Participant: 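Before anything else, here's the structure in question.
Just so you know, these numbers use all the heavy atoms, side chains as well, and skip hydrogens, waters and symmetry mates. Since the model is a prediction, treat every value here as computed from it, not as a measurement.
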Amino acid sequence: MRKTTKKLLVSTCIALMSFNPIYAYSMELVYDGKKHDYTLAPITLYVNGEVVETKIMPPVQIDSRVLVPAREVFEPLGAAVEWKSYEKKIYVSYKDSLMILEPDKQEVWLDGNTVTLDVPAKIINDKIMVPLRFIGENIGLGVEWKGEDRSVHITEGESTPDVPTPEPLPEEKPEELPDVEEKPEEKPDIEDVPESNPIPVLPSEENKLENVLNGILKFYQGDSISLMVDSSMQNFNMTTVDGVTVLPGRIDATALIEASTPITDIEVSKYNGKLVIDIKNSKNRLSSTITVPNNTFIKQIRTSQFASDTTRVVFDLKSGAEAFVSLGEDRREIVVQFTQEELSALALGEDYKGEYVAIEGITPDQMYVEEDKDNNEIIITLFNTTISEMVEWNRIRGTYIDAITTRESGNDSEIVIRVQEDMKFMHTTENVNGNTLVRFGKPLFEFMEYNGTFGNTIKLEMPSGFSLADITVTDVYRDKTILVDLGDDYSDVFSNGTMTIGDGIVESITVENGVTTRLKIKEQIVRAVNVNESNGSLIIELVKPREKYDKILVLDAGHGAHDSGSSGNGVVEKEVNLRQTLAIADYLNTHSDIKIYLTREEDTYPSLTGRTDLANEIEADIFVSVHNNSHNAVSKGTEVLYYPSTTDIRSKQMAQIAQDYIVKECGTYNRGIKARPELVVLNTSKMPAILLEGAFISNPTEAALLKSSVFTQNYARAVGDAIIEMFETMSFR
């Protein structure tokens with residue numbers, strides 16, 4: 001059991017006994033804004049008798065004190081160590097003790113008291129290093145220095161023997177340079193909660209609240225927390241702390257979470273009509289649902305063990321609410337206070353769904369929308385919300401909106417939207433990340449998302465008499481663009497303009513009116529297209545290529561543009577590669593049901609990774625890159641290259657099939673198949689891939705063949721038949 005009396009004024013870092021330094025090795029340390037040559041012998045660290053080798057940074061001796069990497073040393077002992085980048089502070093909690101250190105600051109917060117260090121924690125080589133003895137002796141660990149072998153021994157549950165302090169090492173005068181900040185560690189994403197903003201730690205007064213809802217949050221260290229809610233709506237006024245008003249004005253609802261010992265840390269988020277408080281280093285013992293009767297702001301309170309060391313308390317809000325969350329000065333309580341939410345701004349906009357008014361921070365179920373058709377008005381009532389400024393926007397002229405005014409009504413606020421007289425009343429509300437969009441009118445087309453195999457669907461209500469046979473679709477997949485020509489001039493129905501989508505599938509949709517009306521769909525990821533008719537509407541489905549096609553091939557014509565490849569004997573490789581590739585595609589389009597995507601069809605240059613990026617995005621079954629060889633005038637023949645894999649031999653099998661067909665059909669010399677793991681287009685493709693080297697440009701005889709249209713057709717037939725056999729005899733899905 002931990003001692004109740006702490007040695008707060010004893011030596012605050014490891015005191016090293018007198019010794020003669022052994023200069024066994026050297027390294028460079030960066031701290032206090034400058035570089036230092038470190039030549040002292042290594043320090044061996046023992047924890048409970050076992051040697052501990054720290055990975056991120058070894059223990060170092062600074063000014064006769066030993067500093068160690070905090071997390072590597074203390075977490076194996078059961079302590080929780082966390083670097084708060086927004087506070088630039090280190091939190092160390094162990095059993096019933098909490099310590100907060102700040103790099104290069106000598107004052108330490110320790111269980112409600114302030115203690116002064118002689119050597120503070122430091123950022124050394126971008127790593128957090130803390131004084132070992134101070135932390136050890138103040139969280140109940142035994143720490144002993146043995147100068148004869150330069151070792152430190154840490155034991156659990158033992159007192160620290162007093163040891164003499166050696167003469168300090170020569171000090172270097174620090175320069176006035178900025179501190180070296182530690183790079184914060186990456187934090188795992190927290191499910192369902194956006195990145196939270198740090199809430200300032202504000203002092204709180206002790207208040208007794210009625211209508212207590214009993215419950216226990218049990219800390220790992222045995223601490224207990226109770227949750228109390230003031231459901232009677234009594235006013236709760238914060239006065240002053242050190243002469244400063246903390247939370248002035250009327251507070252309409254209060255919840256208090258009390259702890260018997262200091263709370264390690266909390267994270268607070270408010271989103272989508274909820275206030276979420278995550279309490280670190282805690283174990284949930286509260287009821288999963290807590291009813292709060294007759295409360296203007298709170299529907300209910302829910303709790304869960306969100307993570308093994310984190311309790312989540314969620315306040316479901318039934319109205320707008322400004323939430324103030326603070327920690328008490330002794331960190332033994334969390335005070336949650338609610339008052340009216342202040343609405344500071346509205347936004348009027350238009351997107352692909354139509355015109356809208358955006359209301360920030362209020363969800364649709366926290367408001368009431370009604371239509372006053374006699375006055376051509378829509379009235380939006382926001383519960384428990386105040387308007388920061390009374391703004392009247394009389395000059396607003398939207399597609400459907402003439403003006404917007406705001407007014408207050410008791411504890412609520414009202415937004416009055418006057419619409420045009422000839423508007424057919426249509427409005428909807430939708431929740432967008434905890435904000436409300438109130439929409440007006442009917443959009444030109446409807447954009448629907450599906451999570452299943454149907455991808456994204458665009459629905460256009462067409463005039464009577466339109467025919468599906470008039471619709472032409474062009475898939476410009478290399479530019480991630482789909483062109484849908486409606487086959488007639490529908491400018492009286494569809495207006496020119498671009499509507500931004502940005503849903504991860506579609507970037508935007510542009511309506512272009514000319515001789516005919518067409519849609520230009522800009523994709524964020526390559527999709528295939530299905531076009532159908534349903535009840536007078538045109539349905540455009542965007543689906544994954546694999547959902548539409550059973551067999552998918554990506555053909556890559558090697559080189560292009562500034563990269564000519566090899567040349568000689570009147571042959572330029574980039575040109576013959578493209579000619580052969582287009583011939584292979586033509587043959588396959590005539591003789592198979594294979595869907596073909598081409599990395600280039602002209603004298604352009606896709607990057608090496610761009611070629612396989614396209615294939616990977618499409619999720620092709622096979623990738624074939626078309627090249628030709630060059631060495632010297634006597635080198636000749638065909639070879640096929642593949643990526644060697646110990647787990648997937650399909651690329652090698654494909655290479656052999658292609659090699660056999662080309663040699664047999666074209667009569668070229670058989671150079672065999674070759675493993676080439678270093679080739680980018682082979683090692684970055686996620687599907688089986690091969691690279692063809694049809695013939696040698698440097699050989700005059702084979703160069704003549706490469707110029708021949710007869711050879712090109714024979715070569716295309718050989719490669720095409722080989723690809724057909726690959727799909728017929730091998731499994732790719």
Participant: Is Lys664 close enough and on-axis enough to Tyr661, meaning under 6.0 Å and within 45°, for cation-pi?
Facilitator: no

Participant: Hey, do the aromatic rings of Tyr605 and His559 have their centres closer than 6.0 Å?
Facilitator: no

Participant: Within the 3.5 Å criterion, strictly below it, is a donor on Tyr549 or Asp593 matched to an acceptor on the partner's side chain?
Facilitator: no

Participant: Is it the case that over 12 heavy atoms from other parts of the model lie below 6.0 angstrom from the NZ atom of Lys520?
Facilitator: no

Participant: If you measure from the Lys or Arg side-chain nitrogens to the Asp or Glu carboxylate oxygens, is any gap between Arg478 and Glu601 under 4.0 Å?
Facilitator: yes

Participant: Is Asp563 salt-bridged to Lys574, cutoff N-O under 4.0 Å?
Facilitator: no

Participant: Show your reasoning for whether side chain to side chain donor-acceptor pair (under 3.5 Å) applies to Asn628 and Gln580.
Facilitator: CA-CA 10 Å; Asn628 283 276; Gln580 290 176 339; 3.0 Å; yes

Participant: Side chains of Thr599 and Asp556: do they bring a donor and an acceptor to under 3.5 Å?
Facilitator: yes

Participant: Side chain to side chain donor-acceptor pair (under 3.5 Å) between Thr481 and Asp479: does it pass, once the steps are laid out?
Facilitator: CA-CA 5 Å; Thr481 301; Asp479 293 332; 5.6 Å; no

Participant: On the ring face of Tyr669, is Lys636 found with NZ or CZ under 6.0 Å from the centre and within 45° of the axis?
Facilitator: yes

Participant: Is it the case that atom CD in Glu602 sees more than 12 heavy atoms from other parts of the structure closer than 6.0 Å?
Facilitator: no

Participant: Going through the distances and angles, do Asn670 and Gln659 end up as a side chain to side chain donor-acceptor pair (under 3.5 Å)?
Facilitator: CA-CA 8 Å; Asn670 189 348; Gln659 179 77 13; 2.7 Å; yes

Participant: Might you point out which heavy atoms bring Arg546 and Asp621 nearest each other, and give the distance in Å?
Facilitator: NH1-OD1, 3.3 Å

Participant: Under 3.5 Å, side chain of Ser635 to main-chain N/O of His631, donor-acceptor pair present?
Facilitator: no

Participant: With a 4.0 Å cut-off, would you call Glu617 and Lys480 a salt bridge?
Facilitator: yes

Participant: Can you check whether Leu519 reaches Ile540 side chain to side chain, under 4.5 Å on heavy atoms?
Facilitator: yes

Participant: Which of these, Lys270, Arg302, Lys299, sits in a salt bridge (charged side-chain N to carboxylate O under 4.0 Å, His left out) with Asp316?
Facilitator: Arg302

Participant: For a quick check under 3.5 Å, do Asp485 and Thr516 share a side-chain donor-acceptor pair by atom type?
Facilitator: yes

Participant: Does Asp550 come within less than 4.0 Å of Arg733, counting only side-chain N to carboxylate O?
Facilitator: no

Participant: Just wondering, are more than 12 heavy atoms of other shown residues or ligands nearer than 6.0 Å to CD1 in Ile649?
Facilitator: no

Participant: Is there a donor in the side chain of Thr612 and an acceptor in the side chain of Asn616, or the other way round, less than 3.5 Å apart?
Facilitator: no

Participant: Between the side chains of Asn629 and Glu639, does any donor sit under 3.5 Å from an acceptor?
Facilitator: yes

Participant: Write down the atom of Ala528, the atom of Pro545, and the distance for their closest heavy-atom approach.
Facilitator: CB-CA, 4.0 Å

Participant: Which atom pair, heavy atoms only, marks the closest approach of Ala722 to Ala658?
Facilitator: CB-CA, 3.8 Å

Participant: Report yes if the side chains of Val357 and Ile417 come closer than 4.5 Å at any heavy-atom pair, otherwise no.
Facilitator: yes

Participant: Is it true that Ser491 and Asp489 share a donor-acceptor pair across their side chains at a distance under 3.5 Å?
Facilitator: yes

Participant: Report the C-alpha separation of Thr363 and Asp365 in whole Å, then their side-chain angles, then the decisive distance to 0.1 Å, and conclude whether the side chain to side chain donor-acceptor pair (under 3.5 Å) test is met.
Facilitator: CA-CA 6 Å; Thr363 59; Asp365 61 351; 2.5 Å; yes

Participant: Val681 pairs by side chain to side chain contact (heavy atoms under 4.5 Å, CB included) with which of Arg611, Arg676, His627?
Facilitator: Arg611

